[in-house]
Amino acid sequence: MSVRVRFAPSPTGKVHIGNIRTAIFNWLFARHTGGEFLLRVEDTDIERSTREAIDAMFECMEWLGLDHDGEIIYQTSRTSEHIAAAQQLLAEDQAYYGEPDENGKSALLFRIPWDTDNIPAVRTVGTVELELHPESPLNVSAAGVEFAQPSRKGKAMPAAATLAGFKALKAFDADNKCVFELDGNLDAIRAGEKFTVEGAVKISFTRREVFFTDMIKGELAKPFDSMKDLVIVRGNGTPVFHLANVCDDVFQHISHIVRGDDHVENTYRHILIFNALGYDVPQYAHMPMIVNSEGKPFSKRDGDAFVGDFREKGYLPQALFNYLSLLGWSPGDDREKMTRDEMVEAFMLERVKSSAAQFDYTKLQNMNGMYIAEMSTDDFVQWATCYATAAGIDPNAPLFRTVAELMQSRTRNAESLVDWKYFFSDELLYNDKPIKKQLKNQDIRDGLTAYKNALANLNGYTPELVEKSIRTVESAAGLDEGKLNQPLRLAASGTNSGADLYLTMALIGKEKMSARIDALCRYFDENLSSGN
RNA sequence: GUCCCUAUCGUCUAGAGGCCUAGGACACCGGGUUUUCAUCCCGGCAACGGGGGUUCGAAUCCCCCUGGGGAUGCCA
C-alpha cells in the first residue's frame with residue numbers, strides 16, 4: 001500500500017510550532033516512504049478561519065521547505081459530500097436525530113453500532129459489574145444508558161454512555177433480584193421505548209471495546225460503555241469535525257493519519273465512522289505533544305511559540321526544522337545535527353516517543369548557532385542584514401561586513417546582533433562588574449592613561465600594531481603582559497566579552513579608542529568608584 | 001468522579017531482560033588552546049517517580065499507587 005498522509009490544519013490563527021511539527025513528521029514520513037504528503041485546509045469554523053491565516057500557513061510551510069503533493073483541499077468546499085454521508089448513515093439507521101435545542105432544531109447523532117460482529121476493530125472484553133447509586137434511576141433508551149455511581153463519599157456521580165456499551169445489561173436491586181433485563185426489551189428500546197428503573201444498586205453487562213494498533217503508542221483500546229453517540233451534523237445543518245474529517249480522509253485516500261495524541265479519543269470514534277460508512281480504516285500514529293518550559297501545554301500566554309516569531313528572531317528554517325524533528329523523535333544513534341536528507345533517510349514513526357516533550361529554547365539557540373556557523377560569509381551577511389535595523393545597526397555601514405565576519409562564530413540568533421553595536425556607536429552599554437574589578441586598581445588606571453597618551457604618537461593602527469602598542473605600554477608601565485587587554489576591551493566595548501581584541505580596536509580606530517578610554521574612566525569615577 | 005494516554009540526568013534523548021558502574025546532546029562548572037574573546041578540545045556535575053510481583057537476572061515484562069496530559073462539546 002502506498003503511503004498517503006495529510007496535514008490538515010484549521011486556519012484559525014497564527015501557525016503554532018506544535019502544528020508545524022505535526023506537518024514536519026507527516027512530511028518526513030511521506031518522504032521517507034516515497035509516499036505523498038497532502039494538504040487539507042479544515043476551514044469549517046467559518047467564524048475563526050481567515051484568508052490571512054491560510055496564507056500565513058502556506059508561507060510557514062514554504063519557509064520550512066514542506067512541499068506538498070497534489071491539490072489543496074478546502075473542507076468547506078465538500079460540505080455537500082459530508083451531508084450526503086450523514087444522510088447515508090441516517091438512511092441505514094446508523095444515525096438518528098437527538099433532542100431538539102431551544103430553536104426546535106435537532107442535531108444528527110452517529111449511533112455507536114450495536115451489531116459489531118463484522119467490525120474487526122471491536123472486541124468483547126467480558127462481563128462487568130458496576131455499583132449504582134440506589135437513589136438515582138437507571139434510564140435506558142435508544143439514545144443510551146444513564147445512571148449514577150456512588151462516589152467515595154456516597155454522592156451520586158452521574159454517568160451516561162451509548163446503548164451499545166451495555167450488551168446483555170441486567171440491573172439488580174438490594175436483594176440481588178434482577179429488576180431489568182435488556183435482552184427481550186431491545187427491539188422495543190430501539191423502536192423508541194424508554195425504561196426507567198428505580199432502586200437498582202448494581203448492573204452487569206458485557207463490555208465491548210474499540211481497539212487499534214497505533215504505530216507510535218502500540219495497542220490502544222476504549223470500552224463502549226465509556227463512549228457516547230456523537231453529533232455529526234449540528235442543528236443548523238453544518239457537519240461536525242468528526243464527520244468531515246473522516247469523509248475527507250476517505251476522499252483523499254489517506255493511508256496513515258499522523259496527528260497529535262490529543263486526538264486519540266477521537267480516533268476510537270472515527271474508526272467506527274469509517275466502518276459505518278463502509279470504508280477501510282487507515283493506520284494511525286499519534287505523536288506526543290510539546291509543552292512549554294513549565295511542562296504545561298502551550299497557551300496564548302506563551303506568545304512566542306508561533307513559527308513566524310522564530311523567523312523574526314533570526315532562527316534558520318533548517319535549524320528549527322532539525323530541532324523540532326528531535327522533539328519526540330531520534331534517529332537511534334547519537335546524531336543530532338542532521339541534514340534534511342539524513343532525517344528523511346532515518347525517519348521512522350516507530351521510533352517516535354509516546355510521551356510529551358518540553359520545548360527548550362536554549363537548545364534550539366545552540367542548534368541555530370551551529371547552522372549559522374557553517375553559513376558562507378555572503379549568506380551570513382545577508383542574514384545579518386535582515387535583522388540589523390531591528391537591532392539598531394545600519395546594515396549599510398561601511399564596517400558592516402567586516403564586523404559580521406568577525407562575529408559570525410558567536411551569533412546564535414538575531415538577538416546576538418545587539419552585541420555588535422559598539423562597532424557602530426560610541427554609546428556603550430557598560431557592564432559594571434568587570435569594570436569595577438579592573439579600574440579600582442590604580443596601576444590599571446595609570447596604564448590606561450599611558451596607553452591613551454601613546455596612541456597620539458602611533459603611526460597606523462593595524463591589529464599587529466595594536467598588539468605591539470599594548471605590549472610596549474605595559475612594559476613601560478611595569479605591568480605584566482596582557483594586563484591591559486581586559487581594561488582596553490572594556491574601554492572599547494563596555495563589556496568583557498566580544499571578538500578578537502586587536503581586530504576590534506583596529507576597527508574602532510585610534511581616535512575613538514582614545515575617546516572611549518576617557519569615557520570609561522569617567523563612567524567609573526562617576527558611578528562606580530565609591531563604596532560598594 | 002469516570003475513561004484514555006503517559007513517566008530515564010534540570011531539558012531533549014539512547015536503552016526493546018544480562019552488552020548499564022545507564023550512553024550522547026543542551027545548560028551548568030572546571031581545565032587546555034587563544035598573551036584577549038568566540039569557536040575548538042579535554043574533564044566534571046547530574047536520571048531509571050514509589051511499592052509490589054515475574055525471573056538466576058529488570059530502566060526494560062505484569063500489577064498497584066503517585067505525578068503529568070487528554071477526553072467526558074451541536075470546538076477542531
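Side chains are part of it too, since the values below use all heavy atoms of this structure and drop only hydrogens, waters and symmetry mates. Proteins come first, then strands; the chains are lettered A, B, ... in the order of their sequence lines, and each starts at number 1.
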Pair of N/O donor and acceptor under 3.5 Å linking B:C75 base with A:Arg48 side chain: no
Salt bridge or not for [X] and [Y], using N-O below 4.0 Å?
X: A:Lys228; Y: A:Glu146; result: no
X: A:Arg48; Y: A:Asp45; result: yes
X: A:Lys363; Y: A:Glu336; result: yes
X: A:Arg123; Y: A:Glu219; result: yes

Considering only atom [atom1], compute the distance from [N] to [M] and round it to an integer number of Å.
N: B:C28; M: B:U35; atom1: C1'; answer: 28 Å
N: B:G31; M: B:U39; atom1: P; answer: 16 Å
N: B:C37; M: B:C20; atom1: C1'; answer: 41 Å
N: B:G24; M: B:C62; atom1: P; answer: 29 Å
N: B:G52; M: B:A46; atom1: C1'; answer: 29 Å
N: B:A76; M: B:G15; atom1: P; answer: 38 Å
N: B:U6; M: B:G43; atom1: P; answer: 38 Å
N: B:C41; M: B:U33; atom1: C1'; answer: 8 Å

Nucleotide-resolved protein contact map, nucleotides 31-36 of chain B, B/S/- at heavy-atom distance under 4.0 Å: ----BB
Need one value for [X]: base, sugar-phosphate or nothing, where a base atom within 4.0 Å counts as base even if backbone is also close, heavy atoms only.
X: A:Arg269; answer: sugar-phosphate
X: A:Thr362; answer: sugar-phosphate
X: A:Pro297; answer: sugar-phosphate
X: A:Asn266; answer: base
X: A:Ala244; answer: nothing
X: A:Tyr268; answer: sugar-phosphate
X: A:His286; answer: nothing

Along RNA chain B (nearest heavy atom to each residue), the more 5'-positioned of A:Ala356 and A:Phe241: A:Ala356
A:Ser409 vs A:Leu326, nearer the 5' end of RNA chain B by closest nucleotide: A:Leu326
A:Glu99, CD atom: more than 12 neighbouring heavy atoms under 6.0 Å: no
Atom NZ of A:Lys483 with >12 non-hydrogen neighbours under 6.0 angstrom: no
Whether A:His263 stacks on the six-membered ring of B:A71 base, 5.5 Å and 30° limits: no
[N], OP1 or OP2 - any side-chain N/O from [X] closer than 4.0 Å?
X: A:Lys155; N: B:G1; answer: no
X: A:Ser330; N: B:A14; answer: yes
X: A:Arg40; N: B:A76; answer: no
X: A:Lys228; N: B:A71; answer: no
X: A:Arg351; N: B:A14; answer: yes

Tell me: [atom1] of [X] to [atom2] of [N], nearest whole Å?
X: A:Asn322; N: B:C12; atom1: CG; atom2: C1'; value: 12 Å
X: A:Glu219; N: B:C5; atom1: CD; atom2: C1'; value: 14 Å
X: A:Glu265; N: B:G73; atom1: CD; atom2: C1'; value: 13 Å
X: A:Leu243; N: B:C74; atom1: CG; atom2: P; value: 14 Å
X: A:Leu503; N: B:U39; atom1: CG; atom2: P; value: 17 Å
X: A:Asp45; N: B:C74; atom1: CG; atom2: C1'; value: 13 Å
X: A:Gln438; N: B:C37; atom1: CD; atom2: P; value: 11 Å
X: A:Asp261; N: B:C5; atom1: CG; atom2: P; value: 11 Å

What does the list of N/O pairs under 3.5 Å between the protein and nucleotides 59-63 of chain B look like, with a distance for each?
none

Side chain to side chain donor-acceptor pair (under 3.5 Å) contacts touching residues 404-424 of chain A (sequence neighbours left out): A:Tyr315-A:Asn413
On the ring face of [Y], is [X] found with NZ or CZ under 6.0 Å from the centre and within 45° of the axis?
X: A:Lys222; Y: A:Phe211; answer: no
X: A:Arg21; Y: A:Phe25; answer: yes
X: A:Arg207; Y: A:Phe224; answer: no

Atom of A:Ile257, atom of A:Pro282 and distance for their closest heavy-atom approach: CD1-CG, 3.6 Å
Closest approach of A:Pro239 to A:Ile83 (non-hydrogen atoms, all atoms of both residues): CD-CD1, 4.0 Å
Positions of residues 98-109 of chain A (non-hydrogen atom under 4.0 Å from RNA chain B), listed by number: A:Glu99, A:Asp101, A:Lys105, A:Ala107
Between the protein and nucleotides 21-25 of chain B, which nitrogen or oxygen pairs are less than 3.5 angstrom apart?
unit_1: B:G24; atom_1: N2; unit_2: A:Glu336; atom_2: OE2; d: 2.9
unit_1: B:A25; atom_1: O2'; unit_2: A:Glu336; atom_2: OE1; d: 2.5
unit_1: B:A25; atom_1: O2'; unit_2: A:Lys363; atom_2: NZ; d: 3.2
unit_1: B:A25; atom_1: N3; unit_2: A:Lys363; atom_2: NZ; d: 2.9

Plane angle bin for A:His286 and A:Tyr284 - parallel if under 30°, tilted between 30 and 60°, otherwise perpendicular: parallel
Whether A:Phe298 and A:His16 hold their rings parallel, tilted or perpendicular, with breakpoints at 30° and 60°: perpendicular
Base partner of B:U33, which must satisfy Watson-Crick or wobble distances under 3.5 Å: none
Counter-base of B:U2, judged by Watson-Crick or G-U geometry with both distances under 3.5 Å: B:A71
A:Leu501: side chain to side chain contact (heavy atoms under 4.5 Å, CB included) partners, not counting sequence neighbours: A:Asn485, A:Arg489, A:Met505
Listed nucleotide nearest any side-chain atom of A:Arg412, set B:C12, B:C75, B:U39: B:U39
Per A:Gln358 side chain, nearest of listed nucleotides B:U11, B:A7, B:G69: B:U11
From CA spacing to verdict: ring pair (Phe, Tyr, Trp, His ring centres under 6.0 Å), A:His270, A:Phe241: CA-CA 10 Å; A:His270 293 185; A:Phe241 160 74; 5.6 Å; yes
Short side-chain to backbone donor-acceptor contact, A:Asp229 and A:Thr162, under 3.5 Å: no
Expected output: side-chain A:Asn322 to main-chain A:Thr339 donor-acceptor under 3.5 Å: no
